[in-house]
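Working notes, structure below.
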Amino acid sequence: MKREIPKVYDPRGAEEKWYPYWETNGYFVADVRSPKPSYVMVIPPPNVTGTLHMGHMLVCTLPDIVARWRRMSGDNVLWLPGMDHAGIATQNVVERQLMEEEHLTRHDLGREEFVKRVWQWKEKNGGIILKQMRRLGASLDWTRERFTLDEGLSRAVREVFVRLFNEGLIYRAKRMINWCPRCTTALSDLEVKFEERNGKLWTIKYPLKVPGAGGGGEEFVTVATTRPETMLGDTALAIHPRDERYFYLKGRMAVLPLMQREIPIVEDERVDPEFGTGIVKVTPAHDPNDFEVGMKNHLPQISILDEQGRIINAGRYNGLDRFVARKEVLEDLKTQGLLLEEKIHLHNVGKCDRCGTVVEPLISTQWFMKMSDPDPAKNLAAPALRAVEEGYIRFVPSSKINVYREWMTNIRDWCISRQLWWGHRIPVWYCGNCNDAVALVAEPTRCEKCGSDQLRQDPDVLDTWFSSQLWPFSTLGWPEATEDLQKFYPTTTMITAADIIFFWVARMIMSGLRFMGHESLRAGNPDIKSYLDWGPREWKASIPFHTVYFNVLVRDAEGQKMSKSKKNVIDPLEVTEQYGTDAVRFTLAAMSAPGSDIALSKERMEGYRAFANKIWNAARFVLINLPEDPIEYHPDEDLDCANTVFDRWIRSRLASVTDEVNRALEEFRFHEAAHVVYQFFWHELCDWYLEFVKPALTDPHVPRESRAVQTRSLVAVFDYALRLLHPFMPFITEELWQQLPVARGSICVARFPANLSKRYADQETEKVVQLLQGVVTGIRSLRAENEIGPSQRIPAHVYLVDARQTEVLRPFEPQLRMLAGLETIELSTGDVTVAKGLKHIEADFAVLIPASVVGNREKEFERLTREDMKLDKDLQSIKSKLSDPKFLERAPETVVADWRAREQELQTKRRRIKENLSAFSGN
RNA sequence: GGGCGGUUAGCUCAGUUGGUAGAGCGCAUCCCUUACAAGGAUGAUGUCACAAGUUCGAGUCUUGUACCGCCCACCA
């Protein structure tokens, strides 16, 4: 029945309507008992504190395209949502709020109360981002939503910790680590971001100790430093052992200014004689390099900073903030005449990834995870590298393997403890009586060794990424052998941003291999002693995912990284509001070409909003033209119910496009898939097919029967087109599909088109339609060039070179008349040269508008001359190619044949243009 | 210091086994034609950064150069 919908698509209505419909009908819920093939993804869990940014939107859109495509293609799709507790970030947020609203620190509340407050905050504000993901249409299985601090996931964390602890892969040690004085916690190497900065390099005089006498003498050496305050902790100076300039210093002592401490001058290969003065101050407690030098030379380590970055162990400087201390140290040196030089110096400063505070290297007792054990049975990194290098896990794009290999081969132990309260508390208990330390999954009441109840749990929590690395299996129920775990692990695809390849991807691979295969295999097969003994079957069973697709970064229109400080952040909710979610999704997909980042521009989103509107209006056309009398539709059979050239043509094109879309998605070539479907819908379906079938639908003389057939075919074609579009634009396609008379349930579970080529590919028909299109375009071109307005109906004559084609075209005279705006059309075989009028000449046909229509033909003469010159140029290059014996000899036959055919075609066309030019004055 | 990526139409970018250079936007001309002016029709525009090499043939492969960007690295 005829339906009327508004002229302009309003995204809001559709977006509010359909997500609840999908969710309540359970379309996104994976069935653990389904016989269908599984397709599994887990979402990179966003921070509980997060609000949606463009990066999230991309990480929602691309997997959603995959999920919807696979679901429609018949897979049992599980796309699992959840959130990360985001230790430091969340604690910072709540602490800040506490300070602002109640002027309290977390210490004022105490640990238990503070953690309770964070949970309250989480319950109240935490889920925003998940609601926002629904707005984007993400087809996530919300019945399986997880949170890294859930009871189940916490159990997994403790289990992993205990096992690695018992194997010696988690250990406690006093090491040099990165410390954030603002967050007052240790950080891993990855959480320090280096920033190039124009700092200063100061040159300081250190007096030499006079042999035999106390105190400094007249002799000095000079050293250069960017962090003068660390000199308070200096315990040596160092020179390069082969630096002849300083041979005289070997074995001597210097006197540390301000502290008056006598320090040795040591030799070390690490010193670069070219830098500064060639003499280095050594601060073993606050510089990683100096730490090494100190260890080698048995130097004392003097810590001069407390956990908040205030000076300690340095006499009168004690209690000063590190930067205040720097000023005072410099002042004092200046006063004493020991500050020699101050110059600008470009160097890297390490900053806390979370809060931007300059981090300090310092010595501290922390927990570490051993990444690369010499024992192959315990080594975590080696098998993880192999799994990727040998293709058990595929990286897209594959160039990321280099990045991964580089890091995995130079991997260092991971500092996993954090001096925070929000997170998984380290499951280690110390006995106050016998000093034993045990790691246990469940809290003990008595010391296992001595029976004492004087137990104290380690106060630290684990790095957030410690729980994230378990995400692909902890979310499925591990360590329990749940149905979900057995059904859905390993997951199929991971789509994530490349900037967390080390933080997350690498660690998931390591822990997946370690916990999802290793042990069970060793238990079941005593012959397997190490990862390296595993066979392909075991590898395949334990990897966390088969494919990792690294999406690119979303930038602003100028290609700048989006950041709050630059104020160039594009808010997804704002732009989806403005252009419609589907348009923004389509933009992201269409721009997701591997390799280069996305420069998100307003123009592009406007373009795809127009596309949505085009879809809408195409549907409007279909619905308006549904016949008044009811007809029966057969969704599965109607596609080939009509047998006109146009229907055969659109089916052939649909088949070809379907193949391309499926192949592109198979290879995660989102931009290609989007582009192909866009071109098909707009420039084939709308521009031509709808126009072709228009007469059969609107002409009252068309018999009811044939109109019904045409309608059924049109509806079926449109149905298929909407299905192709659905993964990219879920809302508008659902909204329109529901109005089609063939709709059942939801388009999100309708079958995605596939394998149509065998049945519908039809080159002959495509050629016929190409000819029709050529004729129409030729006439339109003549009209435009000669300013014949669209309302002016004119006669036209089409001359076909091949008599058979005349007959092929004859049935389509009505369509030709309509599309070219003709009053009459005459088809004939023959020579156009003698006829008078405006001519458009191709190799196999010519179109003519009689001279009576237009008087002025100078323009045409110019155009034909121009065309002739261009053809001449093209022909020259083809001729020279075809006259080259080497080309003829070595190029494949098909290529030569193609060129010969091309030459023929151009020659024919040129001859006919020439004839007409020479006849010009005559007619 | 290493590694990776980019350089194609005015702008933003596609271009996967080497074989007639494409899209979107913008621009020009004409149209509110009975799905759509967020539209239609027609049209203009490129020594594919530079240089050499391989090849019958290079935007596509090799090497080098220049500029831009990203990642990693303990340079005081």
Side-chain angles (χ1 to χ4, degrees), chain A residues 5 7-9 176 194 201 223-227 230 238 270-272 274-277 279-283 287-292 345 347-348 350 361 397 399-400 402-403 405-407 410 498-499 501-502 553 557-559 561 579 583 590-591 593-604 606-625 667 669 671-672 675 678-679 686-687 690-691 694 698 776-777 780-785 787-791 818 820-821 874 877-878 881 884-892 894-896 898-899 902 906:
Chain A
I5 58 174
K7 272 190 169 186
V8 176
Y9 171 52
M176 175 146 292
F194 286 93
L201 184 69
V223 303
T225 180
T226 54
R227 292 192 296 158
T230 62
R270 267 166 282 237
V271 178
D272 175 8
E274 301 297 314
F275 188 90
T277 63
I279 304 176
V280 184
K281 58 189 273 311
V282 182
T283 320
D287 182 279
N289 243 326
D290 295 2
F291 179 77
E292 300 288 324
H345 176 66
H347 65 135
N348 283 331
S399 59
K400 284 284 178 292
N402 294 320
V403 180
R405 181 189 303 115
E406 163 76 14
W407 194 71
N410 297 309
D499 58 356
I501 183 169
F502 309 135
L553 270 153
E558 274 73 50
K561 215 168 187 168
Y579 302 104
M591 300 193 76
S596 53
D597 291 342
I598 296 175
L600 194 64
S601 73
K602 210 179 135 191
E603 286 76 20
R604 203 68 189 247
E606 273 171 6
Y608 292 120
R609 177 181 58 181
F611 181 46
N613 204 48
K614 188 76 184 175
I615 298 167
W616 182 262
N617 278 291
R620 190 164 178 268
F621 171 80
V622 173
L623 297 173
I624 283 173
N625 286 298
E667 294 164 15
R669 303 176 65 82
H671 68 296
E672 203 174 283
H675 182 74
Y678 175 95
Q679 290 295 327
C686 290
D687 286 354
L690 294 187
E691 298 300 332
K694 216 172 244 180
T698 54
V776 170
T777 307
R780 282 174 177 170
S781 186
L782 283 177
R783 297 181 64 120
E785 278 161 18
E787 285 162 13
I788 301 169
S791 52
M818 179 165 163
D874 290 353
S877 87
I878 295 176
K881 192 188 284 271
D884 180 354
K886 282 185 182 167
F887 172 71
L888 296 176
E889 189 186 324
R890 304 199 190 177
T894 53
V895 172
V896 177
D898 281 353
W899 279 110
R902 178 72 180 155
L906 292 189

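These numbers come from the heavy atoms of this one structure, side chains and all, not from hydrogens, waters or symmetry mates. Protein chains get the first letters and strands the later ones, always in sequence-line order, with residue 1 at the start of each.
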Contact class for A/Asp287 vs. all strands (heavy atom < 4.0 Å): base, sugar-phosphate, or nothing? nothing
Distance check needed: B/C4 C1' versus A/Asn402 CG, whole Å only. 7 Å
Among B/U42, B/A76, B/G24, the one nearest any side-chain atom of A/Arg604 is B/G24
Rounded interatomic separation in angstrom, taking CD1 from A/Ile501 and C1' from B/C72: 12 Å
Against the side chain of A/Thr777, the closest entry in B/A41, B/U42, B/A76 is B/U42
Between B/A23, B/C75, B/U12, spot the one nearest the side chain of A/His675, thanks. B/A23
Identified pairing partner of B/G64, criterion: Watson-Crick or G-U wobble below 3.5 Å: B/C50
Would A/Val223 and A/Val280 satisfy side-chain contact (heavy atoms from CB on, under 4.5 Å), going step by step from the backbone distance to the final call? CA-CA 6 Å; A/Val223 303; A/Val280 184; over 6 Å; no
Whole angstroms only, please: what is the NE2-P distance between A/His347 and B/C75? 11 Å
Can you check whether A/Arg609's main-chain N or O pairs, donor with acceptor, with A/Asn613's side chain at less than 3.5 Å? no
Provide the Watson-Crick or G-U wobble partner of B/G19, both distances under 3.5 Å; none if there is no partner. B/C56
Can you tell me how far P of B/C71 sits from CZ of A/Arg405, to the nearest Å? 20 Å
Quantified in whole Å, what is the C1' atom distance between nucleotide B/G10 and nucleotide B/U63? 34 Å
SB check A/Lys281 A/Asp290 (cutoff 4.0 Å): no
Under 3.5 Å, which N/O atoms of the protein pair with N/O atoms of nucleotides 36-39 of chain B?
residue : atom : partner  : partner atom : Å
B/C36   : OP1  : A/Lys7   : NZ           : 3.0
B/C36   : O4'  : A/Asn617 : OD1          : 2.9
B/C36   : O2'  : A/Asn617 : ND2          : 3.3
B/C36   : O2   : A/Lys614 : NZ           : 3.0
B/C36   : N3   : A/Lys614 : NZ           : 2.8
B/G39   : O3'  : A/Lys614 : NZ           : 3.2

Base B/U20 to side chain A/Arg902, donor-acceptor N/O within 3.5 Å cut-off: yes
Pair A/Lys886-A/Glu889, salt bridge (Lys or Arg N to Asp or Glu O under 4.0 Å): steps then yes or no: CA-CA 5 Å; A/Lys886 282 185 182 167; A/Glu889 189 186 324; over 6 Å; no
Say you pick atom C1' in B/A44 and the same atom in B/C25; how far apart are they, in whole Å? 16 Å
Hey, which sits more toward the 5' end of RNA chain B by its nearest nucleotide, A/Glu667 or A/Phe621? A/Glu667
According to the interplanar angle, ranging from 0 to 90°, do the rings of A/Phe502 and A/Trp407 count as parallel (below 30°), tilted (30 to 60°) or perpendicular (above 60°)? parallel
